[in-house]
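Below: one structure, written as structure tokens.
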There are 2 protein chains.
Amino acid sequence: MNEIEVFKDHLRAAGLKDTVQRKVVLNTFLNTEKHVSVDDLYRLVNRAKRHVGYATVHRTMKLIAESGLAREVMFNDGVVRFDHCYGREHKHHHHLVCTQCKKVIEFSSQALDREEQRILSKHGFESVSHRYEIFGLCRECRQKANRK
Amino acid sequence: MNEIEVFKDHLRAAGLKDTVQRKVVLNTFLNTEKHVSVDDLYRLVNRAKRHVGYATVHRTMKLIAESGLAREVMFNDGVVRFDHCYGREHKHHHHLVCTQCKKVIEFSSQALDREEQRILSKHGFESVSHRYEIFGLCRECRQKANRK
DNA sequence: CTGAATGCAAACCCTTTGCAAGGAA
DNA sequence: TTCCTTGCAAAGGGTTTGCATTCAG
């Protein structure tokens, strides 16, 4: 089942309608790389396609998140962004965020996952979601900084 | 050097003044447990003491963070909170956040720190700050859920 | 037809700032 | 006296909502 079918199923199951705007927002989201905000999507949608309102983009992204195709993440700027997660519900991935150039590098680590398991069971905690974000300077920005 | 002296030093070094309001906010913050928001502090300050404006609480917390006594953290609700960090500048600690009862459990792990180092050097990344938050159900809330 | 969706504008919520009045040094 | 600080109120910046209109089913 592909992403579009997943979303249609979600709409059907909730008794919601499959509209042009929702298709456009979903397709735009699927064509993005990681971590777009509502505002990013709003611009993208309206750059190429017919006009779709900000509120509709916002509400559609909530639906897409509910359907399991995206999840909300928030870095330190207080802006909600959407991370793709279809097909990797169980693949923990985390972020290295460059505070200089705003680049986001994803990483994952089995050692980390094992350690997380250990910590969870130690505290009797059941994980629903998690995030691990490291803020700092990426290789390129460090080099630029050193050249000065 | 205790927290109050650290803060006074910071003020002096920056050519700022040591006012009643700043003392009150600092003392209130020092008397809190973890993760208070500006709003929390505003209420606390004004519950017991003479009136201090919201903006002053906000600006003072920024100063306290600059002085190294607190750091800003943001969970998934978009609200800035302040974590105590005096005396543990280099002790990485992370959070287990119960989505049910809102309790926050801190944890730290050397294995995690080692793995983080490995990841950083692999990507040539220099860390400035980081956060690791696991959202889910704490032991107590899981038990409550199971009893139903 | 009928209830859901859209788009606009306004409401919200928290954070941040401008400014006149007050206060530490 | 000199700036810094305060408190208020208002401005910001993003998210969310109310409502009349439009549209999918």
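Just so you know, these numbers use all the heavy atoms, side chains as well, and skip hydrogens, waters and symmetry mates. Residue numbers start from 1 in every chain, and the chains themselves are labelled A, B, ... in the order their sequence lines are given, proteins ahead of strands. In this text, all values refer to a predicted model and were calculated from it rather than measured experimentally.
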Listed nucleotide nearest any side-chain atom of [X], set [options]:
{"X": "Asp18(A)", "options": "dG25(D), dT15(D), dT15(C)", "value": "dG25(D)"}
{"X": "Val80(A)", "options": "dA4(C), dT15(D), dT6(D)", "value": "dT15(D)"}
{"X": "Arg59(A)", "options": "dT15(C), dC8(C), dA5(C)", "value": "dC8(C)"}

Rounded interatomic separation in angstrom, taking [atom1] from [X] and [atom2] from [N]:
{"X": "Phe75(B)", "N": "dC14(C)", "atom1": "CZ", "atom2": "P", "value": "16 Å"}
{"X": "Tyr42(B)", "N": "dT16(C)", "atom1": "OH", "atom2": "P", "value": "17 Å"}
{"X": "His51(A)", "N": "dA9(C)", "atom1": "NE2", "atom2": "P", "value": "10 Å"}
{"X": "Asp40(B)", "N": "dT15(C)", "atom1": "CG", "atom2": "C1'", "value": "15 Å"}
{"X": "Lys23(B)", "N": "dT5(D)", "atom1": "NZ", "atom2": "P", "value": "13 Å"}
{"X": "Met61(A)", "N": "dT16(D)", "atom1": "CE", "atom2": "P", "value": "12 Å"}
{"X": "Leu16(B)", "N": "dC4(D)", "atom1": "CG", "atom2": "C1'", "value": "8 Å"}
{"X": "His10(B)", "N": "dC4(D)", "atom1": "NE2", "atom2": "P", "value": "15 Å"}

Do the side-chain N or O atoms of [X] get closer than 4.0 angstrom to the phosphate oxygens (OP1, OP2) of [N]?
{"X": "Gln21(A)", "N": "dG7(C)", "value": "yes"}
{"X": "Arg12(B)", "N": "dA25(C)", "value": "no"}
{"X": "Tyr54(A)", "N": "dT15(D)", "value": "yes"}
{"X": "Lys62(B)", "N": "dT15(C)", "value": "no"}
{"X": "Thr19(A)", "N": "dA24(D)", "value": "no"}
{"X": "His58(A)", "N": "dT15(D)", "value": "no"}

Side chains of [X] and [Y]: is there a donor and an acceptor less than 3.5 Å apart?
{"X": "Thr28(A)", "Y": "Asn31(A)", "value": "no"}
{"X": "Glu116(A)", "Y": "His130(A)", "value": "yes"}
{"X": "Glu66(B)", "Y": "His10(B)", "value": "yes"}

Sub-3.5 Å donor-acceptor pair from the side chain of Arg22(B) to the main-chain atoms of Thr60(B), do we have one?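 Between the backbone of Thr60(B) and the side chain of Arg22(B) there is no qualifying donor-acceptor contact (under 3.5 Å).
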Starting at the 5' end of DNA chain C, which residue's closest nucleotide do you reach first, Glu72(B) or Ala55(A)?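 In this pair, the answer is Ala55(A).
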In terms of the nearest nucleotide of DNA chain D, which residue is placed more toward the 5' end: Val20(A) or Asp77(A)?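 Residue closer to the 5' terminus by nearest nucleotide: Asp77(A).
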Donor-acceptor pair present, Lys17(A) side chain and dC23(D) base, under 3.5 Å: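 No pair found.
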Indicate, with a heavy-atom threshold strictly under 4.0 Å, whether Arg22(A) touches base, sugar-phosphate, or nothing.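 Touches sugar-phosphate only.
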Gap between atom CD1 of Ile105(B) and atom CZ of Phe125(A) - 0.5 Å precision: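 It comes to 5.5 Å.
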Applying side-chain hydrogen bond (donor to acceptor under 3.5 Å, both in side chains), run through Gln21(A) and Thr56(A) and close with a yes or a no. CA-CA 8 Å; Gln21(A) 288 89 337; Thr56(A) 301; over 6 Å; no
